[in-house]
Amino acid sequence: MGMEGHHEFPLFETKKAKGRIIYRLFSSSMFIGICLIWFYRLSHIPKQGQDGRWAWIGLLGAELWFGFYWILTQANRWNLVYRHTFKDRLSQRYDEHNGELPGVDVFVCTADPKIEPPLMVINTVLSAMAYDYPPEKLSVYLSDDGGSVLTFYALLEASKFAKHWIPYCKKFEIEPRSPAAYFRSMSLPAVRDSDEASNFVTIKKLYKEMENRIEKVTKLDHISEDDRSRHKGFSEWDSYWSRRDHHTILQILIDGTDPNAKDVAGCTLPTLVYLAREKRPPYHHNFKAGAMNALIRVSSKISNGEVILNVDCDMYSNNSQSMKDALCFLLDEEQGHEIAYVQFPQAFENVTKNDLYGSDFRTVKEVEFHGVDGYGGPLYIGSGCFHRRDILCGRKLGTPYKKEEKKERQIRESVHELEEKSKDLASCAYENNTQWGKEMGLKYGCSVEDVITGLSIQSQGWKSVYFNPSRPAFLGVAPTSLAQTLVQHKRWSEGHFQIFLSKYSTAWYAYKKISLGLQLGYCCYSLWAPNCLATLYYSFVPSLCLLSGIPLFPKVTSPWVIPFVYVVTAKYTYSLAEFLWSGGTLLGWWNEQRMWFYKRATSYLFAFIDTVLNSLGFTESAFVITAKVADEDVSERFEKEIMEFGTSSPMFTILSVLAILNLCCFIGVVKEAIMGKGIVKVFETMSMQILLCGVLTLINLPLYQGLFMRKDKGKMPSSLTVKSVAVALLACTCFTFTY
Ligand SMILES: O=c1ccn([C@@H]2O[C@H](COP(=O)(O)OP(=O)(O)O[C@H]3O[C@H](CO)[C@@H](O)[C@H](O)[C@H]3O)[C@@H](O)[C@H]2O)c(=O)[nH]1
Ligand SMILES: [Mn+2]
């Protein structure tokens with residue numbers, strides 16, 4: 001590149017975490033404890049005919065599983081690395097050589113104007129258009145699987161507003177560059193001078209006017225003739241049938257190569273494209289993976305950026321520098337050529353202080369992903385990931401990178417011609433008899449299309465990088481109700497487990513293709529779903545046995561109690577420490593423990609059943625899109641961290657039955673201790689079981705409130721309460737009578 005002399009300094013560095021020896025010693029001591037528990041279980045199985053033989057054997061199974069799973073989680077903690085970028089070096093090397101920076105195509109995906117409001121979508125789009133990056137190298141594509149004219153209208157508005165917004169962002173170097181988020185964080189301008197203040201007022205007014213127009217149109221669900229006549233694109237909806245049945249709609253709203261496409265400061269604008277790929281009932285559209293693949297093809301004709309950034313429509317860019325961060329990895333002269341993608345963590349704007357639904361994935365973000373990064377790189381988890389286009393399209397390791405000539409765009413054709421030519425690439429039939437969805441682009445047939453795609457890329461020998469800057473690079477919207485959270489986790493755990501059973505199994509396919517540490521790390525997520533069995537077993541069998549007076553754990557006076565006490569205390573103390581160290585609160589940790597229990601008892605259970613049925617060919621998996629808006633009262637309770645139930649769902653029934661059952665068992669044993677056998681006797685034989693049952697009762701407090709105490713709309717429906725009480729009481733009665 002003719003810039004010799006600069007290259008001795010890398011563009012990024014990788015540091016290993018300190019103090020890992022201590023961690024490894026601790027972890028080994030835990031392992032010894034676990035082995036002792038296994039040994040105790042195996043050597044103390046009750047004889048044939050003795051009480052609790054089967055319950056005991058079941059516990060043995062559950063503890064074998066938990067121990068095994070704990071070993072998997074160690075892979076993600078054994079070898080942490082942290083990355084640091086040198087953006088100043090990147091600028092030095094490329095400043096006068098802007099032309100040498102790669103083109104970046106940003107893909108924003110949306111699928112439903114009702115639960116992903118157009119105003120939110122365009123805020124994400126605008127934040128991407130305002131990246132601190134040469135605009136002639138930047139293109140933003142919006143894929144609209146909702147095929148909604150409302151979204152198109154909003155994007156058209158955004159294309160006009162961008163002319164004011166981008167120069168404003170650059171002039172005053174503001175952050176974040178999503179206008180909605182910016183104005184939220186700045187009700188009054190942080191006045192540096194009067195010029196900035198007056199600009200602030202003007203731009204805010206422009207934004208509010210646009211907001212009003214978009215909200216009016218969205219509310220009416222109708223676009224006036226007058227508005228329609230302003231852009232030829234609207235006529236596409238004249239022959240539009242429904243969101244599941246329509247032709248390709250492709251509109252280049254801003255053509256960055258057009259000399260007339262300038263912002264108000266006279267600078268070039270980034271290219272902006274709207275795409276609603278063709279949908280026809282006989283064709284499966286493969287959800288987000290299908291949308292991404294259509295975007296990859298269409299963009300290859302229009303801008304053909306070497307690098308692709310994908311964001312979900314709610315995940316706006318919170319840091320205009322992160323594009324350069326990502327390029328520090330991909331452009332590093334030494335190591336860059338083998339890095340296929342750079343994944344940023346997914347952070348959420350709306351998580352509350354104690355994160356009631358555990359949406360923030362604190363320890364996954366701050367610990368586990370640094371761990372997988374130490375073994376070859378993180379999973380590709382969708383939003384917030386920068387890819388090399390050619391690797392995503394199937395370039396194999398060892399084959400050289402070919403810089404493609406931008407043939408079409410040299411001899412300029414009209415925008416209309418270009419649109420017409422590219423449309424075909426987004427048609428339903430285009431992928432027939434091609435490798436798309438298999439060897440090219442994102443893979444189909446898995447509900448975490450991104451993870452399976454990343455795994456296959458890593459299995460070919462490519463590396464990836466996890467970059468976790470202190471200022472989040474992207475901020476999205478986390479679900480605001482329990483039901484939504486559980487459904488989202490069902491999709492994820494189902495997808496991960498599908499991978500485990502698929503051709504690209506993390507257990508078999510990946511073996512020896514990726515490092516063992518990374519393979520174990522992947523399995524940690526692949527095997528989320530099967531966790532449900534051991535967890536469900538542990539959450540009611542010991543409690544029922546407690547009620548019937550069958551001991552399943554060593555007495556307090558037995559030395560065998562030591563490994564149990566050690567493992568439980570050490571595991572939870574460490575988990576709390578890790579959580580606090582990752583920036584969480586004590587209550588946040590407690591909430592997260594509850595959510596793990598709820599997810600395992602419901603999301604994972606349903607995912608497990610569905611995946612098994614699915615692999616036997618009975619059902620097909622679907623993609624339930626997570627809502628990004630909520631009713632006012634739901635949002636209010638979310639802010640106050642009051643758990644949202646509100647609807648009847650089989651998931652809630654399971655949770656309620658478990659909660660009531662544990663409460664009954666706990667009350668039962670307290671009664672027995674006081675009025676029957678005596679406190680000392682009960683405590684001596686049953687202390688561990690009492691503790692387990694007690695913790696299960698305590699952690700369910702918000703659920704009891706929802707079942708019996710609350711009056712608001714977010715409480716459990718009364719019918720569900722009645723049903724769960726009946727089932728739980730029946731279970732307790734049957735069990736005590738049979739034993
Ligand atoms: O048919 C579809 C369905 C979804 N989407 C888009 O996919 C994105 C993710 O959907 P969402 O409901 O928000 O799912 P999440 O569970 O929040 O998303 C996470 O998990 C997904 C895999 O399940 C990844 O693809 C995402 O990037 C990741 O953020 C959204 O922008 C949707 O608009 C489509 O484009 N077409
Ligand atoms: Mn989402």
Side-chain angles (χ1 to χ4, degrees), residues 106-118 120-125 128 141-148 151 243-244 274-277 279 283-296 308-316 341 343-351 357 359-361 364-365 378-387 426 441-455 473-480 484-499 525 528 599 603 607 621-630:
V106 184
F107 296 172
V108 182
C109 295
T110 183
D112 188 326
K114 288 272 162 341
I115 56 181
E116 302 177 333
M120 178 195 81
V121 176
I122 62 145
N123 267 288
T124 303
V125 168
Y141 294 80
L142 176 65
S143 151
D144 181 13
D145 269 348
S148 162
T151 307
R243 55 182 292 187
R244 287 188 188 79
Y274 174 89
L275 172 71
R277 62 195 163 120
K279 295 273 180 68
Y283 289 92
H284 195 328
H285 67 266
N286 294 302
F287 314 111
K288 185 183 161 189
M292 288 287 290
N293 286 346
L295 280 172
I296 293 176
I308 289 173
L309 161 65
N310 163 230
V311 287
D312 291 350
C313 59
D314 55 322
M315 287 251 170
Y316 66 82
Y341 59 86
Q343 176 73 59
F344 285 75
Q346 295 183 359
F348 302 96
E349 186 182 42
N350 63 335
V351 281
Y357 301 119
S359 318
D360 213 22
F361 282 101
V364 174
K365 253 176 13 197
L379 296 71
Y380 163 36
I381 50 168
S383 198
C385 192
F386 289 82
H387 278 275
L442 278 85
K443 299 206 182 315
Y444 294 155
C446 173
S447 32
V448 285
E449 70 294 325
D450 28 41
V451 180
I452 196 169
T453 306
L455 173 64
F474 303 95
L475 284 177
V477 181
T480 53
Q484 273 176 22
T485 311
L486 294 177
V487 168
Q488 187 183 46
H489 278 273
K490 188 209 157 227
R491 163 153 51 78
W492 287 345
S493 51
E494 182 175 344
H496 281 284
F497 194 42
Q498 277 170 351
I499 299 178
Y525 307 108
W528 264 345
K599 285 180 223 165
S603 311
S621 63
F623 193 118
V624 184
I625 300 167
T626 313
K628 279 110 188 153
V629 274

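Counting begins at 1 with the first residue of the sequence. Predicted, not measured: the structure shown is a model, and the values here were computed from it. We count ligands from 1, going down the list as the structure has it; atoms in each ligand are counted the same way.
A salt bridge is defined here as a Lys NZ or Arg NE, NH1 or NH2 lying under 4.0 Å from an Asp or Glu carboxylate O, and Arg277 with Asp145 meets this definition.
Counting atoms of ligand 1 from 1 in the listed order, those under 4.0 Å from a heavy atom of Thr110 are 33 (O), 35 (O). In summary, the atoms of ligand 1 found under 4.0 Å from a heavy atom of Arg491, numbered by their order in the structure, are 11 (P), 12 (O), 14 (O), 15 (P), 16 (O), 20 (O), 21 (C), 22 (C), 23 (O). The Ser383 neighbourhood of ligand 1 comprises atoms 27 (O), 29 (O), with distances under 4.0 Å to a heavy atom of that residue.
By the 4.0 Å heavy-atom criterion, Ser447 is counted among the residues contacting ligand 1. Heavy atoms of Cys313 approach ligand 1 to within less than 4.0 angstrom. The closest approach between any non-hydrogen atom of Ile381 and ligand 1 is below 4.0 Å.
Taking the side chain as every heavy atom from C-beta outward, Pro479 and Thr485 approach each other to under 4.5 Å. In this structure, the side chains of Met120 and Val629 stay at 4.5 Å or more apart for every pair of heavy atoms.
Taking only nitrogen or oxygen atoms, main chain and side chain alike, Glu116 reaches within less than 3.5 Å of ligand 1. At a 3.5 angstrom cut-off on N or O pairs, Asp314 does not count as close to ligand 1. For ligand 1, the polar-atom distance check against Asn310 finds no nitrogen or oxygen pair separated by under 3.5 Å. The shortest N/O to N/O separation between Thr626 and ligand 1 falls below 3.5 Å. On a distance-only criterion, Gly382 and ligand 1 share no N/O pair closer than 3.5 Å. For ligand 1, the polar-atom distance check finds no N/O of Val624 at less than 3.5 Å from any of the ligand's N/O atoms.
With atom 1 (O) of ligand 1 as the reference point, the heavy atom nearest to it among Phe474, Phe287, Phe348 is part of Phe287. Scanning Gln484, His489, Lys288, Glu494 for the heavy atom closest to atom 7 (O) of ligand 1 points to Lys288. Nearest to atom 35 (O) of ligand 1 by heavy atom, out of Leu295, Asp145, Val108, is Asp145. By heavy-atom distance, the residue among His285, Gln488, Met292 lying nearest atom 17 (O) of ligand 1 is Gln488.
The single protein non-hydrogen atom nearest to atom 4 (C) of ligand 1 is Phe623 CE2, 3.7 Å, given as residue, atom name and distance. Nearest protein heavy-atom contact of atom 9 (C) of ligand 1 is Asp312 OD2, 3.4 Å.
Looking at Asn286, its side chain never comes within 3.5 Å of a backbone N or O of Tyr444 through a donor-acceptor pair.
When all heavy atoms of Ile296 and Gly441 are compared, the pair lying nearest together is CD1-CA, 4.2 Å.
Just one residue in the list Tyr380, Tyr341, Phe344 forms a ring-ring contact (aromatic ring centres under 6.0 Å, His included) with Phe386, and that residue is Phe344.
Side-chain contact of Thr110 with Glu116: a donor-acceptor pair under 3.5 Å is present, judged by distance alone.
In this structure, Gln498 CD and Glu449 CD are separated by 10.5 Å, a value rounded to the nearest 0.5 Å.
Ring planes of Phe361 and Trp492: tilted class, angle from 30 to 60°. Between Trp528 and His496, the angle of the ring planes goes over 60°, which puts this pair in the perpendicular group of the 30/60° scheme.
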